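The next block holds one structure in the form of structure tokens; read it before the comments.
Quantities reported herein were computed from a predicted structural model and do not represent experimental measurements.
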Amino acid sequence: MERRTKMRTTKIFPSSRLLSIFAVILVCSILQGCVPHRMQQSTPTPVPTVLSSGESDWVCPGVPQSAARPIVGDRFDWNEINSDDNEGELRGCYIWKIPKKNGGSYLSVMWGESTRLKKATDYSFDENSDVFDPTEVDYGIEGVDGVGALVEPHSGNVRAAWKCGSFKRGIIVKILYDSQEEYPRNLGEDATNMVKLIRPWACGEVALPGADVATSSGAATTGGY
């Protein structure tokens with residue numbers, strides 16, 4: 001009886017095919033997370049330009065938590081300015097992230113009568129003057145009387161202002177963001193969005209929202225920054 005022996009053969013892939021397989025494996029590794037962490041981040045949510053329906057969480061009167069969280073996160077502390085006397089109205093909210101790192105993220109918002117702002121900050125809100133310095137860029141808000149000034153973001157730092165239509169009132173927003181390398185944001189958009197958000201009450205067109213609502217965390221104080 002004839003006995004047949006089954007031979008096992010070894011397939012040898014051409015070098016071009018080996019390179020193709022290696023490329024597929026490399027692509028799969030990248031898609032599974034081998035790229036730098038910051039490249040995987042989705043587009044960050046910008047500071048809102050309008051109040052959400054039924055807004056009830058406020059850091060300070062006129063400054064909702066939804067506008068502060070994109071900059072300082074969920075853990076923060078703050079100081080509040082609330083002054084309205086014979087010298088005029090001045091309101092402000094200074095919010096900083098805790099714990100601090102790389103200088104610490106903060107959001108500073110101040111508004112009121114131009115004379116009070118000038119005295120408190122040395123920034124001018126006259127019709128034909130620069131608010132910050134000659135490097136600022138003017139911007140507008142569609143359908144709104146007034147003029148804005150923005151100092152372009154640098155090293156996580158940005159400043160924006162708004163001269164209300166009468167030039168008798170104004171707004172100043174300052175942002176320092178300490179996570180720009182890990183979680184990059186458009187800080188110029190954040191600053192101007194904050195101006196757009198608070199402008200109706202900061203310019204005296206509507207009543208101040210959140211005046212009777214206190215936040216559940218932090219340590220509010222009255223006084224300067």
I want to check something: taking the side chain as every heavy atom from C-beta on, are L90 and I81 in contact at a cut-off of under 4.5 Å?
yes
Return the CG to NZ distance between D126 and K163, rounded to the nearest 0.5 Å.
7.0 Å
Quick one: salt bridge (charged side-chain N to carboxylate O under 4.0 Å, His left out) partners of R116, sequence neighbours excluded?
D85, E87
Rounded to the nearest 0.5 Å, how far does CD of E136 lie from CG of L150?
9.0 Å
Tell me whether S105 contacts the main-chain N or O of V72 through its side chain, where contact means a donor paired with an acceptor under 3.5 Å.
no
Aromatic ring centroids of Y106 and Y94 under 6.0 Å?
yes
Spacing of S179 atom OG and I71 atom CD1 [to the nearest 0.5 Å]:
10.0 Å
Taking all non-hydrogen atoms of both residues into account, name the closest pair between R75 and P99 and its distance.
NH1-CD, 3.8 Å
Spacing of CG belonging to L176 relative to OG belonging to S108, to within rounding of 0.5 Å
11.0 Å
Within the 4.5 Å heavy-atom criterion, are E152 and V137 side-chain neighbours or not?
yes
In terms of side-chain geometry, is the basic nitrogen of E80 or R91 positioned less than 4.0 Å from the acidic oxygen of its partner?
no
Of K196, R69, R185, which is the lone residue that meets salt bridge (Lys or Arg N to Asp or Glu O under 4.0 Å) with D190?
R185
Going from CH2 on W78 to SG on C60, what distance comes out if it is rounded to the nearest 0.5 angstrom?
7.0 Å
So which heavy atom on P61 is nearest to which on A211, and how close?
CB-CA, 3.8 Å
Q65 and W58, any side-chain heavy atoms less than 4.5 Å apart
no
For the residue pair V131 and F125, establish whether any side-chain heavy-atom pair is separated by less than 4.5 Å.
yes
For A68 versus I95, what's the shortest heavy-atom pair and its separation?
CB-CD1, 3.9 Å
Taking all atoms of both residues into account, what is the closest heavy-atom pair of G170 and S114, and its distance?
N-OG, 4.3 Å
Can you name the residues that form a ring pair (Phe, Tyr, Trp, His ring centres under 6.0 Å) with F132, not counting sequence neighbours?
Y123
Testing the basics here: between A67 and P48, what is the closest heavy-atom pair and its distance to 0.1 Å?
CA-CD, 3.9 Å
Please work out whether the ring planes of W162 and Y139 are parallel, tilted or perpendicular, with thresholds of 30° and 60°.
tilted
Evaluate the side-chain proximity of V195 to L197: yes if any heavy-atom separation is below 4.5 Å, no if none is.
no
Distance (rounded to the nearest 0.5 Å) between E205 CD and D145 CG
9.0 Å
Taking a hydrophobic cluster as the set of Ile, Leu, Val, Met, Phe, Trp and Tyr residues connected by side-chain heavy atoms closer than 4.5 Å, whether directly or through intermediates, do L117 and F167 fall within one such cluster?
no
With side-chain contact (heavy atoms from CB on, under 4.5 Å) as the criterion, how do M110 and I171 come out once you've worked through the C-alpha distance, each side chain's angles and the decisive distance to 0.1 Å?
CA-CA 6 Å; M110 188 179 291; I171 303 167; over 6 Å; no
Only one of D178, D77, D74 passes salt bridge (Lys or Arg N to Asp or Glu O under 4.0 Å) with K97, and that residue is D178
Considering all heavy atoms of both residues, which atom of S124 and which atom of S129 are nearest to each other, and what is their separation?
OG-OG, 2.8 Å
Could you tell me whether the side chain of N79 reaches within less than 4.5 Å of the side chain of C93, counting heavy atoms only?
no
Could you walk me through whether S66 and E55 pass the side-chain hydrogen bond (donor to acceptor under 3.5 Å, both in side chains) check?
CA-CA 9 Å; S66 60; E55 182 74 64; 3.3 Å; yes
With a 4.5 Å cut-off on side-chain heavy-atom distances among I, L, V, M, F, W and Y, is there a chain of contacts connecting V50 to W201?
no
Do V147 and V158 sit in one hydrophobic cluster, given that two such residues count as connected whenever their side-chain heavy atoms are within less than 4.5 Å of each other, even indirectly?
no
Tell me whether R159 is salt-bridged to D133, with the criterion being a basic N under 4.0 Å from an acidic carboxylate O.
yes
Mind running side-chain contact (heavy atoms from CB on, under 4.5 Å) on I175 and N157 for me, showing each step along the way?
CA-CA 6 Å; I175 292 174; N157 224 320; over 6 Å; no
